[in-house]
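No hydrogens, no waters, no symmetry mates; every other heavy atom, side chains included, goes into these values. Letters go in sequence order (proteins before strands), and every chain restarts at 1.
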4 protein chains.
Amino acid sequence: MEFDENIPIYLQIARSFCDRVLAGELKAGDRIPSVREYGASIGVNPNTVARSYERLTNLGVIYQQRGIGFFIAEDAKKSILKDARERFFNEELPKFAERAKLLGISQKEITEAL
Amino acid sequence: MEFDENIPIYLQIARSFCDRVLAGELKAGDRIPSVREYGASIGVNPNTVARSYERLTNLGVIYQQRGIGFFIAEDAKKSILKDARERFFNEELPKFAERAKLLGISQKEITEAL
Amino acid sequence: MEFDENIPIYLQIARSFCDRVLAGELKAGDRIPSVREYGASIGVNPNTVARSYERLTNLGVIYQQRGIGFFIAEDAKKSILKDARERFFNEELPKFAERAKLLGISQKEITEAL
Amino acid sequence: MEFDENIPIYLQIARSFCDRVLAGELKAGDRIPSVREYGASIGVNPNTVARSYERLTNLGVIYQQRGIGFFIAEDAKKSILKDARERFFNEELPKFAERAKLLGISQKEITEAL
DNA sequence: GTGGTCTAGACCACC
DNA sequence: GTGGTCTAGACCACA
């Protein structure tokens, strides 16, 4: 796995799980790897993976069964989508638009590039 | 001046100068405030301002006349625009598009929101 | 470690690392000391060492693994050599030659002294 | 007049006078411009020029006749040459040689480039 | 443990 | 007056 410098690894890991849920790759009830196993497989300290799982748990994306492991939550996809769409329209899109405006990039150019 | 937590102050200062150049508020040859003066005016340590100026110098946005101060470079606007537009089309826009796709947001929705 | 007055310490530190890479003393992948450790060992403030490391990072000589430390980059030696040789032939040597000429020192004298 | 960043302007000015003496352009007894006049002609603060003249006076290259101006000293050329040659052989040349060695540049390459 | 950022204050060279 | 460098010490995010 490759990481973007400048963004904390634990955030990138958490996000990758969200993306895989959205993509349908992971479904409610699926078990995800243990922090140790997953850390080893991507070359990251288990502590860092644990931090990602903690974050995902707080977001309600996964839940823990003590002694067994972590699992995708029932309504993971729904809650991720809701959060993400809200943030997208309220934060990312306006920021994107403002940036384009500052750079003198017309909406037409953007539409074409998309 | 208000600062976004989570982003280093020195980067925000540097960026604000770039924005002001792009907006035409600052022009080639204009002198910008001394590190002491500007630091005092925005409530930031002069060292931090100096770090911003150092960065802007490396980017070719400003240049120094020793013992006198810093000035907006001749082709500041051009170089900022070039860099920023490149980054916009090569990084920000694709990232934005991919994100929208992942969230199941159609191009139509985006165009309307813009 | 002894420092030449008149030259910023952080530059001398950076340069000493470059020299050690060129000399083969440091190789790609080698970890260099932490800013605290190295600062203590040479009697310099950790901030100053950090500034050296920042510079070396910009030059592509070292890279950072967050939370772990700094390491010699894969092609550190190559990039240092390339830069240094260019500067040598384009700047240092012509300057040296011109100086000798101005002082009326023949090439023969130089060759002998070398 | 163009100045090399990184080297104090007053040193560059002083040096340019030495060079012109060595080149025979300025001779013993010649009057050099007043600090005010010269400063204006090269776009430098008179204080800075004064500092150059002070340095040259200390080096015995020029002397001052109060109320009249500065003049090239009788044995200016001789003293400059002596000093410069000494420094050349004792400092510049060894430094140059060491640098070439570190970069793996053979004496043959240097001789050819010269 | 690691480095990153910021502050406060000092001293210096230069203009 | 200007910026450049350095120190000391603090707090923080990250692994």
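- Atom-to-atom, CG of A:Asp4 to P of F:dC14 comes out at 13 Å; the value is rounded to the nearest Å.
- Rounded to an integer number of Å, the gap from CZ of A:Phe3 to C1' of F:dA13 is 17 Å.
- When rounded to the nearest whole Å, the span between OH of B:Tyr38 and P of E:dC6 equals 14 Å.
- When each of F:dC14, E:dC15, F:dC6 is scored by its nearest atom to the side-chain atoms of C:Pro8, the top-ranked nucleotide is F:dC6.
- Side-chain contact check for B:Val21 versus B:Asp19: every heavy-atom pair is 4.5 Å or farther apart.
- Residue C:Asn6 contributes atom CG, which lies 13 Å from atom P of F:dT5 at whole-angstrom precision.
- Residue C:Thr48 has a polar side-chain atom (N or O) positioned under 4.0 Å from OP1 or OP2 of F:dT7.
- The six-membered or imidazole ring of B:Phe88 lies near that of A:Phe96, with a centre-to-centre distance under 6.0 Å.
- The distance between atom CD1 of D:Ile7 and atom C1' of E:dA13, rounded to the nearest whole Å, is 14 Å.
- Contact annotation: the side chain of C:Ile32 approaches that of C:Phe17 to within less than 4.5 Å [non-hydrogen atoms, C-beta and beyond].
- Between A:Cys18 and A:Leu56, the closest side-chain pair of non-hydrogen atoms falls below 4.5 Å.
- Closest approach of C:Arg85 and D:Leu103 over heavy atoms only: NH1-O, 3.3 Å.
- Here B:Gln65 lies out of heavy-atom contact (under 4.0 Å) with every strand.
- For C:Arg36 and E:dG1, a side-chain-to-base donor-acceptor distance below 3.5 Å is absent, hydrogens and geometry of angles not being considered.
- Using a 4.0 Å heavy-atom cutoff across all strands shown, B:Gln64 reaches sugar-phosphate atoms only and no base atom.
- With hydrogens and angles left out, the side chain of C:Asn47 and the base of F:dG9 share a donor-acceptor pair within 3.5 Å.
- At a threshold of 4.0 angstrom between heavy atoms, the contacts of B:Val44 are confined to the sugar-phosphate backbone, with no base atom among them.
- Checking B:Ile9 against C:Val35, the closest nucleotide of DNA chain E that is more toward the 5' end is the one next to C:Val35.
- One interatomic measurement links the two molecules: CG of B:Asn58 to P of F:dG3, which rounds to 16 Å at whole-angstrom precision.
- To the nearest angstrom, C1' of F:dA15 lies 16 Å from OH of A:Tyr53.
- Remark: P of E:dC12 and CZ of D:Arg51 are 13 Å apart, rounded to the nearest angstrom.
- Under a 3.5 Å cut-off, the side chain of A:Thr48 and the backbone N or O of A:Val44 do not form any donor-acceptor pair.
- At the heavy-atom level, C:Asn45 lies under 4.0 Å from base atoms of the strands shown.
- Within the shown strands, F:dG1 is the pairing partner of E:dC14 under the Watson-Crick or G-U definition, both distances less than 3.5 Å.
- When the nucleotides F:dG4, F:dC6, F:dA15 are ranked by their closest atom to the side chain of B:Phe70, F:dG4 comes out on top.
- Nearest nucleotide to the side chain of C:Arg66, out of F:dC14, E:dA8, E:dG3: F:dC14.
- Checking F:dT5, F:dC14, F:dG3 against every side-chain atom of C:Tyr10, the shortest atom distance belongs to F:dT5.
- The 5' end of DNA chain F is approached more closely, in terms of each residue's nearest nucleotide, by C:Pro46 than by the other of C:Gly67 and C:Pro46.
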